[in-house]
Amino acid sequence: MRLLKNRTVIGVVCIVLALIICFIVTPLFNKTISDKTEIIRVIRSVKTGDEITEDMVKTVEVGSYNLPEDVVRNLDTVIGKYASADLEPGDYILTSKIAEEPAAENAYLYSLNGEKQAISVTVKSFANGLSGKLKSGDIVSVIAPDYKNQGTTVIPPELKYVEVIAVTANSGNDANTGDLEEDEDRELPDTVTLLVTPEQLQILAELEEDGTIHLSLVYRGEQENAAQFIAAQDAVLEELYAEQEEADGEEVTEESDGEESEDVQEAAESPEEAASGQESAGMEESSENGEE
């Protein structure tokens with residue numbers, strides 16, 4: 001206690017602390033502030049769900065002080081990934097804002113491989129779309145009232161089993177079709193997006209334009225079981241359009257046979273015409289000789 005009351009001791013302690021601050025703490029702090037590091041910065045707007053390409057980002061050198069720990073520092077980490085949040089030019093990219101797969105509401109669009117296509121049909125009334133109960137992965141049948149103006153309601157064989165890949169509200173967002181929390185508002189579906197072949201797409205487009213489409217739920221459950229329904233539908237399509245191709249082929253064959261028969265008839269008639277022409281020429285020669 002006496003030492004603390006000694007002004008000389010207090011002065012020495014203050015001087016030591018000042019030296020430590022000046023020659024140790026301050027240089028370390030300045031070094032930390034002046035240290036540079038490379039990070040990835042956005043140079044073009046990126047929307048949620050967009051795939052990040054090389055022209056959207058660049059590597060820049062910035063001060064490393066006070067940077068978030070999860071800031072991305074390598075281009076390879078972001079190229080080919082998908083944005084899980086909107087990014088604007090100048091933003092740093094954090095690992096929490098990128099994902100290996102696109103956002104859930106766009107994932108089904110990135111799964112298209114060219115064999116099948118996505119088409120949306122309008123839910124013209126609440127009942128037409130199963131009262132808003134449909135969701136992605138459901139297998140539905142498409143019911144067509146007054147199909148092709150024939151006065152009958154049918155399920156076209158091409159549309160007996162079709163997969164639902166999205167249910168969308170009028171706002172453009174995927175509709176809340178599952179169980180809702182107490183404070184959530186339900187968005188009613190406005191369209192249903194289906195995964196179809198080109199043949200199915202044409203029929204759906206005609207139904208959308210000319211009539212009213214009703215959707216009935218066939219199956220909801222495990223993906224393996226749902227795939228069996230789609231496989232059965234693909235088999236029906238293959239059989240239907242194979243028969244159509246055969247019928248078209250037979251028509252073409254009949255037409256070609258008819259053309260060949262006409263050619264044969266013309267060829268058959270041409271020798272007779274040539275012979276009759278030779279006979280008439282001979283008679284003309286003989287008459288000329290008689291006159292002489």
Side-chain angles (χ1 to χ4, degrees), residues 105-170 174-175 177-178 188-257:
E105 60 268 22
N106 296 320
Y108 56 84
L109 298 179
Y110 289 90
S111 64
L112 300 177
N113 57 10
E115 296 179 1
K116 293 190 175 183
Q117 303 174 30
I119 182 174
S120 293
V121 294
T122 306
V123 179
K124 296 183 179 179
S125 73
F126 191 52
N128 290 8
L130 202 71
S131 302
K133 304 298 182 183
L134 291 176
K135 66 179 185 178
S136 300
D138 286 347
I139 303 298
V140 298
S141 291
V142 178
I143 304 171
D146 193 18
Y147 184 56
K148 293 185 177 180
N149 298 320
Q150 297 176 356
T152 57
T153 298
V154 301
I155 298 177
E158 296 93 340
L159 302 174
K160 188 174 183 181
Y161 303 126
V162 185
E163 182 181 356
V164 175
I165 57 176
V167 182
T168 309
N170 189 42
D174 285 356
T177 55
L188 298 180
D190 192 66
T191 62
V192 175
T193 304
L194 305 172
L195 185 65
V196 296
T197 64
E199 295 83 6
Q200 292 173 310
L201 185 146
Q202 292 179 7
I203 298 173
L204 282 171
E206 293 174 357
L207 293 176
E208 173 73 11
E209 184 67 24
D210 300 332
T212 301
I213 297 175
H214 289 265
L215 301 175
S216 63
L217 180 63
V218 176
Y219 176 79
R220 172 181 293 172
E222 297 181 1
Q223 188 174 1
E224 293 181 0
N225 294 334
Q228 295 178 9
F229 287 93
I230 300 303
Q233 180 66 79
D234 290 342
V236 171
L237 288 170
E238 185 177 353
E239 183 178 353
L240 285 173
Y241 288 92
E243 293 175 356
Q244 183 177 345
E245 289 178 0
E246 290 178 1
D248 293 341
E250 289 177 358
E251 291 178 0
V252 172
T253 303
E254 290 176 359
E255 290 176 359
S256 61
D257 290 342

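For Q150, the CD atom counts as densely surrounded, since its 6.0 Å shell holds more than 12 non-hydrogen atoms of other residues, nucleotides or ligands. Within a 6.0 Å sphere centred on CG of N225, heavy atoms belonging to other residues, nucleotides or ligands number more than 12. Environment of CD in Q117: crowded, with over 12 heavy atoms of neighbouring residues, nucleotides or ligands closer than 6.0 Å. More than 12 heavy atoms of other residues, nucleotides or ligands sit less than 6.0 Å from atom NZ of K124.
Residues forming a salt bridge (Lys or Arg N to Asp or Glu O under 4.0 Å) with K116 (at least two apart in sequence, or on another chain): D234.
Distance OG/S131 to CG/L217: 11.5 Å, rounded to 0.5 Å. L240 CG to E158 CD: the interatomic distance, rounded to the nearest 0.5 Å, is 5.5 Å. Atom OG of S141 is separated from atom CD of Q233 by 8.0 Å, given to the nearest 0.5 angstrom. Rounding to the nearest 0.5 Å gives a distance of 11.5 Å between CD1 of I155 and NE2 of H214. With rounding to the nearest 0.5 Å, the separation of CZ in F229 from CG in D138 is 11.5 Å. Rounding to the nearest 0.5 angstrom, the gap separating the OH atom in Y161 from the CD atom in Q228 is 11.5 Å.
For L207 against A144, the heavy-atom pair with the smallest separation is CD2-CB, 3.6 Å. Minimum interatomic distance between I165 and S136 (heavy atoms only, all atoms of both residues): O-OG, 3.0 Å. Shown here for P189 and G132, the closest heavy-atom pair between the two residues is CG-CA, 3.6 Å. When all heavy atoms are compared, the tightest approach of I119 to A205 is CD1-N, 4.3 Å. Scanning both residues, Y147 and P156, for their nearest heavy atoms gives CE1-CG, 3.8 Å. Closest of all the heavy-atom pairs between K135 and V164 is O-CG1, 3.6 Å.
Using a 4.5 Å heavy-atom threshold, the side chains of I139 and E163 count as touching. For the pair V123 and V167, the minimum side-chain heavy-atom distance is 4.5 Å or more. Residues L194 and L159 form no side-chain contact, since every pair of their non-hydrogen atoms from C-beta on lies 4.5 Å or further apart. Considering only heavy atoms from C-beta on, L130 stays 4.5 Å or farther from L215 through its side chain.
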Legend entry - Criterion side chain to side chain contact (heavy atoms under 4.5 Å, CB included) on V236 and K160, from CA distance to verdict: CA-CA 9 Å; V236 171; K160 188 174 183 181; over 6 Å; no
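With respect to N128, the side-chain contact (heavy atoms from CB on, under 4.5 Å) criterion is satisfied by exactly one of V121, I213, T122, T212: T212.
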